[in-house]
Asker: 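Here you go, one structure.
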There are 2 protein chains.
Amino acid sequence: MILASRATGSEGRPHHQFRLSEGCIALSQTLADGRRQIVDIVGPGALVGIVLGDKNRMTAETLSYCHIERQHGDDVDKTYSAICEAMKRIEAHTVLLGRKTAPERVASAILDLSERFSRPQRAHFESPVFNLYLGRGDLADWLGLSLETVSRCFTRFKRAGLIDFDEPEIVTLLNTPALQAIADGAASA
Amino acid sequence: MILASRATGSEGRPHHQFRLSEGCIALSQTLADGRRQIVDIVGPGALVGIVLGDKNRMTAETLSYCHIERQHGDDVDKTYSAICEAMKRIEAHTVLLGRKTAPERVASAILDLSERFSRPQRAHFESPVFNLYLGRGDLADWLGLSLETVSRCFTRFKRAGLIDFDEPEIVTLLNTPALQAIADGAASA
DNA sequence: CGAGACTTTGAGTGTGCTCAACAATGGTGG
DNA sequence: CCACCATTGTTGAGCACACTCAAAGTCTCG
């Protein structure tokens with residue numbers, strides 16, 4: 001499912017924004033020969049169409065059922081803090097893409113998505129379980145890797161007892177600190 | 001030379017911004033083991049310290065003599081369009097880091113910097129000459145490559161007659177369309 | 001049951017990295 | 001002025017990580 005990608009004009013501030021209240025959206029760009037890069041994964045609470053000028057053509061793709069609410073643009077403080085969040089995400093992702101190894105990228109992605117999409121836990125002692133809305137191919141296009149490399153990292157983490165999954169999209173975190181160490185580049189693999 | 005990296009608090013909009021009127025600044029982040037990623041290169045006209053919350057610790061480093069002016073934060077439209085520009089830059093850079101090859105990255109960087117830092121041309125027929133404010137190492141940290149790879153790409157472009165330089169920081173564009181084709185992934189090398 | 005989409009796994013290759021030596025430049029002090 | 005050192009850039013050899021190509025397995029859906 002493809003959403004209209006332009007929510008605002010080329011300059012000036014937009015008159016209203018759209019807030020994603022539920023679901024998951026991928027914003028991506030594609031090179032001439034088909035190489036695709038997912039620039040941001042938008043989760044609940046984030047604004048959609050923040051700075052979509054007309055220079056950068058961006059494709060927005062829903063990865064689940066989504067619910068979007070209109071938010072008035074004159075609530076400047078809310079808009080500003082949402083932009084802050086988007087900036088921080090993309091800045092962190094820049095470091096990931098420029099300087100992290102494949103396992104580090106996958107670990108970072110798992111932790112990031114788990115924080116943003118984990119289901120409410122039933123008991124405090126249960127391991128966090130969450131739904132990757134992205135398939136292996138989408139993860140690859142987000143993390144700047146190939147599909148196969150992503151898959152290999154997942155099985156590696158599974159064999160190492162850091163995560164578990166039966167269906168490839170439903171992941172259980174078994175050892176969050178170890179994953180965090182890998183994501184930060186402090187552990188080997 | 002290191003600037004103070006926080007120009008705004010953690011949330012809400014800042015009361016004033018700083019506009020770079022002259023010079024060049026690199027914004028970077030560093031991993032625990034020293035790997036560095038330059039997240040953005042700020043040129044004349046751009047805002048400094050846009051979304052520097054306290055979560056993402058960002059280092060700002062001047063690469064030349066700089067002149068910075070205060071700009072009032074209540075000029076919302078100006079601020080907003082500057083944020084737009086910053087977003088577009090970092091989004092394009094995300095594609096570069098995630099999906100482009102080394103020569104494509106270097107060609108993109110040369111073109112980007114030439115647009116933002118080229119000296120006024122004396123005659124219309126002269127080839128554009130500009131100053132890379134970044135050294136090879138900084139370019140590497142910006143483009144997610146190693147210093148040596150950046151250097152090799154430069155000499156490759158030089159040998160191919162696409163650019164020229166005697167001092168490694170002062171570059172002349174000899175064949176902009178060919179560079180553009182490489183940057184876009186439409187030409188082999 | 002077969003078609004299609006997605007994932008996993010393997011084998012081999014290549015791009016870009018690491019390690020290393022050398023050259024060019026500029027600043028400092030004898 | 002030149003020797004000395006630090007810094008930066010260039011170039012080469014070899015390697016490794018991640019990619020490409022390929023095949024087989026799983027699941028859903030018609």
Side-chain angles (χ1 to χ4, degrees), chain A residues 1 26 31 33-37 61 63-64 96-110 131-160 163-171 182 185 187-189, chain B residues 1 26 31 33-37 61 63-64 96-110 131-160 163-171 182 185 187-189:
Chain A
M1 183 193 198
L31 294 178
D33 60 355
R35 282 174 281 175
R36 184 172 79 129
Q37 177 64 43
E61 193 176 340
L63 302 175
S64 70
L96 180 149
L97 290 172
R99 288 301 179 209
K100 289 191 180 179
T101 66
E104 287 166 6
R105 295 182 197 201
V106 174
S108 303
I110 291 173
N131 197 323
L132 289 175
Y133 290 102
L134 307 122
R136 300 291 186 261
D138 289 328
L139 281 168
D141 285 344
W142 186 36
L143 302 176
L145 298 170
S146 72
L147 188 156
E148 296 92 330
T149 300
V150 172
S151 179
R152 279 184 250 267
C153 287
F154 268 87
T155 56
R156 211 162 135 189
F157 290 159
K158 187 179 179 179
R159 276 201 255 269
I163 61 172
D164 195 28
F165 57 94
D166 288 323
E167 301 155 71
E169 292 223 351
I170 299 176
V171 176
I182 294 174
S188 51
Chain B
M1 185 192 196
L31 295 179
D33 60 355
R35 281 174 282 175
R36 184 173 78 130
Q37 177 64 43
E61 193 175 339
L63 303 175
S64 70
L96 180 148
L97 289 173
R99 288 303 179 206
K100 289 191 180 178
T101 66
E104 288 166 6
R105 295 181 198 201
V106 174
S108 303
I110 292 173
N131 197 322
L132 290 176
Y133 289 103
L134 308 122
R136 299 292 186 262
D138 288 329
L139 281 168
D141 285 345
W142 188 35
L143 303 176
L145 298 169
S146 72
L147 188 155
E148 295 91 331
T149 299
V150 172
S151 178
R152 278 184 250 267
C153 287
F154 268 87
T155 55
R156 210 161 136 189
F157 290 160
K158 187 179 180 180
R159 275 200 257 268
I163 61 172
D164 194 29
F165 57 93
D166 287 322
E167 300 155 72
E169 293 223 350
I170 298 176
V171 176
I182 294 173
S188 50

Asker: Check the interface with nucleotides 21-25 of chain C: list each N/O to N/O pair with the protein under 3.5 Å, or write none.
Answerer:
none

Asker: If I take atom CZ in residue B:R35 and atom C1' in nucleotide C:dG16, what distance separates them, rounded to the nearest angstrom?
Answerer: 16 Å

Asker: Calculate the interatomic distance between A:F154 atom CZ and C:dT7 atom P; express it in whole Å.
Answerer: 10 Å

Asker: Output all residues satisfying side chain to side chain donor-acceptor pair (under 3.5 Å) with B:D33, sequence neighbours left out; order by chain, then residue number.
Answerer: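 For B:D33 the side chain to side chain donor-acceptor pair (under 3.5 Å) partners, ignoring immediate neighbours, are B:R35.
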
Asker: Where do B:A107 and B:I182 come nearest, in terms of heavy atoms and distance?
Answerer: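 Closest approach of B:A107 to B:I182: CB-CG2, 3.8 Å.
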
Asker: For the helix from C:dC1-D:dG30 to C:dG30-D:dC1, figure out the bend between the end axes, five pairs an end, and round to 10 degrees.
Answerer: 30°

Asker: If you look only at distance, which donor and acceptor atoms sit under 3.5 Å apart when one is on a side chain in residues 131-139 of chain B and the other is two or more places apart or in another chain?
Answerer:
residue, atom, partner, partner atom, Å
B:R136, NH1, B:P168, O, 2.9
B:R136, NH2, B:P168, O, 3.1
B:D138, OD1, B:R36, NH2, 2.5

Asker: If I take atom CD in residue B:E169 and atom C1' in nucleotide D:dT7, what distance separates them, rounded to the nearest angstrom?
Answerer: 12 Å

Asker: What's the CG-C1' distance between A:L134 and C:dC6, to the nearest Å?
Answerer: 14 Å

Asker: Grab the CG-C1' distance between A:L132 and C:dT7 for me, whole Å please.
Answerer: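 The distance from CG of A:L132 to C1' of C:dT7 comes to 13 Å, rounded to the nearest Å.
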
Asker: Specify the separation, in whole Å, of atom CZ of B:F157 and atom P of D:dG9.
Answerer: 17 Å

Asker: Quick check: closest heavy atoms across A:R99 and B:L145, and the distance to 0.1 Å?
Answerer: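 Result for this residue pair: NH2-O, 2.8 Å.
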
Asker: Nearest-Å distance, NZ (B:K158) to P (D:dT11)?
Answerer: 8 Å

Asker: Taking all non-hydrogen atoms of both residues, which atom of B:A140 and which atom of B:S146 are closest, and how far apart?
Answerer: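 Result for this residue pair: CB-C, 3.5 Å.
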
Asker: Side chain to side chain donor-acceptor pair (under 3.5 Å) with A:S108: which residues, sequence neighbours excluded?
Answerer: A:K100

Asker: Take atom CZ of B:R36 and atom P of C:dC17, then tell me their distance rounded to the nearest Å.
Answerer: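 Answer to the nearest Å: 15 Å.
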
Asker: Identify the two heavy atoms, one from A:G144 and one from A:L97, that lie closest to each other, and give their separation to 0.1 Å.
Answerer: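 Distance-wise, the nearest heavy atoms are N-CD2, 3.8 Å.
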
Asker: Find out whether A:V106 and A:R156 are in side-chain contact, i.e. whether some heavy atom of one side chain is under 4.5 Å from a heavy atom of the other.
Answerer: no

Asker: Which pair of non-hydrogen atoms, one from A:W142 and one from A:A109, has the smallest distance, and what is that distance?
Answerer: CZ3-CB, 3.7 Å

Asker: Report yes if some heavy atom in the side chain of A:Q37 is under 4.5 Å from a heavy atom in the side chain of A:D141; otherwise report no.
Answerer: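 Heavy-atom side-chain distance check fails, nothing below 4.5 Å.
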
Asker: Return a single string for nucleotides 14-30 of chain D, one symbol per nucleotide in 5' to 3' order, where B is base contact, S is sugar-phosphate-only contact and - is none, cutoff 4.0 angstrom on heavy atoms.
Answerer: ----SSBB---------

